[in-house]
Amino acid sequence: MVMEGRYFQVKSKHWYSHFPKEEIEVSRDWSSKMNLVEVEQYHRQLIADLERREHQFNSVQDRGESLIRQRHPATKCIEGMMARMQSQWS
C-alpha cells in the first residue's frame, strides 16, 4: 500500500501545481492593452515548464497503468484520476 500512496502523492502534487498558472491565463483580460513582450516571455516560460514536467507526468501515468495491470483494488479510482490528469494535460 505504500507504493500506491506514493502514486497518489506524486499525482496530486503534479495535478494541483498547474492550477495557478492556468488561472492566470483564464482570468487574463485579453481585450485590454497588454505588454505583448511580457505575455510572450510568460508563454515561453510556461512552455518550458510544461516540457520539464512532461517526464514527471509520463512517470505518474506509467505508475497508474502498472497499478491497473496489477488489478489494484482502487483501479476505478486510479483510472478516473488518470483520465482527469490526461484531460488537464491536454
Side-chain angles (χ1 to χ4, degrees):
M1 291 303 274
V2 173
M3 292 294 280
E4 291 77 12
R6 176 71 180 138
Y7 169 77
F8 290 110
Q9 287 174 348
V10 171
K11 185 251 166 265
S12 295
K13 180 180 178 185
H14 178 76
W15 178 259
Y16 292 112
S17 67
H18 286 291
F19 286 145
K21 292 180 182 180
E22 181 178 349
E23 184 60 34
I24 289 170
E25 293 305 308
V26 169
S27 64
R28 187 184 302 272
D29 182 3
W30 292 96
S31 65
S32 68
K33 287 189 175 188
M34 291 185 279
N35 180 340
L36 294 181
V37 172
E38 183 180 300
V39 172
E40 187 175 318
Q41 287 173 342
Y42 178 80
H43 180 261
R44 272 190 246 129
Q45 179 185 5
L46 182 62
I47 295 300
D49 184 41
L50 288 172
E51 288 172 350
R52 283 189 300 273
R53 291 177 182 268
E54 186 173 14
H55 175 73
Q56 180 186 14
F57 171 82
N58 290 334
S59 176
V60 171
Q61 291 289 72
D62 290 346
R63 180 64 184 140
E65 287 293 332
S66 175
L67 291 170
I68 291 167
R69 281 192 306 273
Q70 294 170 21
R71 297 185 180 152
H72 187 277
T75 293
K76 293 292 182 190
C77 180
I78 293 169
E79 287 172 338
M81 294 177 91
M82 289 175 62
R84 285 190 302 275
M85 192 174 162
Q86 181 65 50
S87 175
Q88 182 73 21
W89 183 260
S90 298

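All values below come from the heavy atoms of this structure, side chains included, with hydrogens, waters and symmetry mates left out.
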From [X] [atom1] over to [Y] [atom2], what is the distance, rounded to the nearest 0.5 angstrom?
X: Lys76; Y: Ile78; atom1: NZ; atom2: CD1; value: 11.5 Å
X: Gln61; Y: Gln86; atom1: CD; atom2: CD; value: 5.5 Å
X: Glu54; Y: Leu50; atom1: CD; atom2: CG; value: 9.0 Å

Open item on the list: I'd like to check the salt bridge (charged side-chain N to carboxylate O under 4.0 Å, His left out) partners of Arg44; sequence neighbours left out, ordered by chain and number.
Closed with: Glu40
TODO: Just jot down the salt bridge (charged side-chain N to carboxylate O under 4.0 Å, His left out) partners of Arg52, sequence neighbours excluded, or say none.
DONE: Asp49
Using a 4.5 Å cut-off on heavy atoms from C-beta on, say whether the side chain of [Y] contacts that of [X].
X: Ser59; Y: Arg63; value: no
X: Arg84; Y: Ser87; value: no
X: Val37; Y: Gln41; value: yes

Task: Donor on one side chain, acceptor on other, Thr75 and Glu79, under 3.5 Å - done: no
